[in-house]
Undergrad: 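Questions regarding the structure given below will be posed in turn.
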Number of protein chains: 2
Amino acid sequence: MVTIADVARDAGVSASTVSYVLSGKRSISADTRRRVEASIRRLGYHPHAGARALASSRTNVLALVVPLRTDIHVPVVMRFVTSVVTSAREHDHDVLLLTNDEGPDGLRRVAASAIADAILVMDVEAEEPRIPVLQSLLRPVVLIGVPDDPAELSCVDLDFHAAAARCVDHLADLGHERIALIGPSPAVYERGTSFAGRFLRGFTGTARERGLAAVAHSCAPSYEAVRECVDKVLADQPDVTGLVVHNEAVLGTVLSELQRRGHRIPADLSVVAVCPEDMAVSYSVPLTTVAIPSDDVGRLAVEMVLRQLDGAAAPEVRLLSPRLSPGHSTAPPPRS
Amino acid sequence: MVTIADVARDAGVSASTVSYVLSGKRSISADTRRRVEASIRRLGYHPHAGARALASSRTNVLALVVPLRTDIHVPVVMRFVTSVVTSAREHDHDVLLLTNDEGPDGLRRVAASAIADAILVMDVEAEEPRIPVLQSLLRPVVLIGVPDDPAELSCVDLDFHAAAARCVDHLADLGHERIALIGPSPAVYERGTSFAGRFLRGFTGTARERGLAAVAHSCAPSYEAVRECVDKVLADQPDVTGLVVHNEAVLGTVLSELQRRGHRIPADLSVVAVCPEDMAVSYSVPLTTVAIPSDDVGRLAVEMVLRQLDGAAAPEVRLLSPRLSPGHSTAPPPRS
DNA sequence: TTGAAAGCGTTACCAT
DNA sequence: ATGGTAACGCTTTCAA
């Protein structure tokens, strides 16, 4: 193994000088810097991560807790993961993948063993049970999602309440009076997943404010569930003209099913989808969309947690404003 | 921070004894062991990962290189990832998530910095360009997928050639004479993804052996592509009675599209799907399936790499035998 | 069965 | 602007 001592010898300087060249924590003469950098390249030197961690109490690793649940839409999860990994690498950090099956002990282990410097948590619930553990870790934490009581933990997410409002407003502005929401799987609501409740409240609240008749149903990701759900929507809201779909997993199936039943989009029925931007393009009709900005959220999560590590930031809650991109799936309601 | 010295003092033993209690590398009297373990629990001691890595040159971390591509089906990728993480934890290892955007340097960095002990690589191509780097790392590597020339690297995957043969045999045994394959996205073939070519060769080869007329088409994951692909299949093989779908992303769309066009499954057309087991259950017809055993593959990958780390194993190529689970989507062909 | 002590490769403080 | 040298917390050899 090539060590810092090898580089130092090769460059004719001391080990500490090599270290300082690498960290930039003190000024180095141009000449010395060049020689050291040349030696580093020539020898193919890479600092030993463990030694570094031991000496500096910094691992340059971020732990990311991902959900293993099957009721959450995997492609969406993966977008967040990708964004976090990419952003982390841009800041010279690596990402350790954690799941929840170890429970609180897993978090304690990672934090106490100094395997990672900080923790990012996905799949946050309204009454997030992990908050006490996370607070006890003495390490920066960022939740991707916003619990009812963040309790001094940083959070970042799309403002799902505003996102729902945006959807409803869009439909209301077009003149729709009877609208419906197809939301996430019942399982997602049942365990109180934070974004689902926030969106639902935004939907019903705004509908009430705008004087619209509104119904909401959850929908499991199976063909039968979609059919039942569409049945229920049409039963509860017989002359529905506006539909909000906040469920990436069933979006395609919902659209086919509606078309199968003879509803033309948007002539008979306007549809607004809530999903990552690039997901909305793969359907026959270009959808009117409120985007889930997974890239921004992931990047912000990383930046927030790194700022905390630098001691330069207090915990904060960041809700990203929704943006609605008009497509061809919404139009004024049909005159009846 | 609680150190091994704290535990040693608390238990009235030396630090080395605590270390040996933890590692089990020498015998400890029952009494000492109890006292040490009690102290560990009471103080909440967790060994410092960096210190450990430095002293033992073992990080207990496995690096996993995942594809960021969008042409590969994300839920399938995630199943492998999940399986790897779970298995790794069962063997007291953590998983570091790597992507390919750093290129070969990323692999060198991770290996040379001793951030991870070994590397698992997903999304393997037939002419895998990463093989030279991987060989140069001096660390155990397991490829999840099999390149044309593994060159002394360990590999594990479903035997896709045999899997295709199994599909064709099943249809041939039922009496089908004209069959078709809907394979992965063109992009997957173009970059020579290992499993795609192996499956395709198994398909055409076995069809020839069995004397069946066979056509094969790739299919991008969009509604239009599916329609075109189905068109092409029906044009090239007008009286097709057996269809193999090796493309999780379009499976549902293909089924709907066929039904929309009046093909009853399996009365008019038998369909065999190649996909993870649990994916096959979410359709209206329970599908005849050749399962992609992501759990087994991920677990084996971890076990193989750990065995190499223990020095107890040479590189090996493991191809898992396919298993066909009969569903209600295949039947004898209609009499014409 | 246990203890003492020498590393492991960095960082960062104290000098100069 | 640079060098020397204690840490950092653990593993493992050598001794007893």
Undergrad: Please list, by residue number, the residues of residues 2-10 of chain A whose heavy atoms come closer than 4.0 Å to an atom of DNA chain C; answer none if no residue qualifies.
TA: A:Thr3, A:Ile4

Undergrad: Is it the case that A:Ser321 and A:Asp159 place a side-chain donor and acceptor less than 3.5 Å from each other?
TA: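 Absent: no donor and acceptor within the cut-off.
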
Undergrad: Between atom CG in B:Leu54 and atom P in C:dA6, what is the gap in whole Å?
TA: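 Result: 17 Å.
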
Undergrad: Sequence neighbours left out, what passes ring pair (Phe, Tyr, Trp, His ring centres under 6.0 Å) with A:Phe195? Give chain and number order.
TA: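 A:Phe160, A:His246.
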
Undergrad: Quick check: does any side chain N or O of A:Gln308 sit under 3.5 Å from a backbone N or O of A:Ala314, one acting as donor and the other as acceptor?
TA: no

Undergrad: Applying salt bridge (Lys or Arg N to Asp or Glu O under 4.0 Å) as the test, list every pair that has at least one member in residues 70-85 of chain B; sequence neighbours left out.
TA: B:Asp71-B:Arg191, B:Arg79-B:Asp278

Undergrad: Examine distances only and state if a side-chain atom of B:Ser194 and a backbone atom of B:Gly145 form a donor-acceptor pair shorter than 3.5 Å.
TA: no

Undergrad: Within the sub-3.5 Å range, which N or O atoms of nucleotides 12-14 of chain C have a protein N or O partner, and how far apart are they?
TA:
from: C:dA12; atom 1: OP2; to: A:Lys25; atom 2: NZ; distance (Å): 3.0
from: C:dA12; atom 1: N7; to: A:Tyr20; atom 2: OH; distance (Å): 3.4
from: C:dC13; atom 1: N4; to: A:Tyr20; atom 2: OH; distance (Å): 2.8

Undergrad: Figure out the CE/P separation between A:Met1 and C:dC8, and round it to whole Å.
TA: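 That distance rounds to 12 Å.
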
Undergrad: Might you point out which heavy atoms bring A:Ala116 and A:Leu62 nearest each other, and give the distance in Å?
TA: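 That closest heavy-atom pairing would be CB-C, 4.2 Å.
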
Undergrad: For A:Asp296, what residues pass the salt bridge (Lys or Arg N to Asp or Glu O under 4.0 Å) criterion, not counting sequence neighbours?
TA: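 If we apply the salt bridge (Lys or Arg N to Asp or Glu O under 4.0 Å) test to A:Asp296, skipping adjacent residues, the hits are A:Arg299.
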
Undergrad: Classify the side-chain pair A:Thr86/A:Ser83 by whether it contains a donor and acceptor separated by less than 3.5 Å.
TA: no

Undergrad: For DNA chain D, which residues of residues 31-51 of chain A approach it to below 4.0 angstrom with any heavy atom?
TA: A:Thr32

Undergrad: Considering non-hydrogen atoms only, spot the tightest contact between A:Val302 and A:Val84 and give its length.
TA: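 Looking at all heavy atoms of both residues, the shortest contact is CG2-O, 3.7 Å.
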
Undergrad: Any carboxylate oxygen within less than 4.0 angstrom of a Lys/Arg side-chain nitrogen, looking at B:Arg89 and A:Asp101?
TA: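 Not counted as a salt bridge, because no side-chain N and carboxylate O are separated by less than 4.0 Å.
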
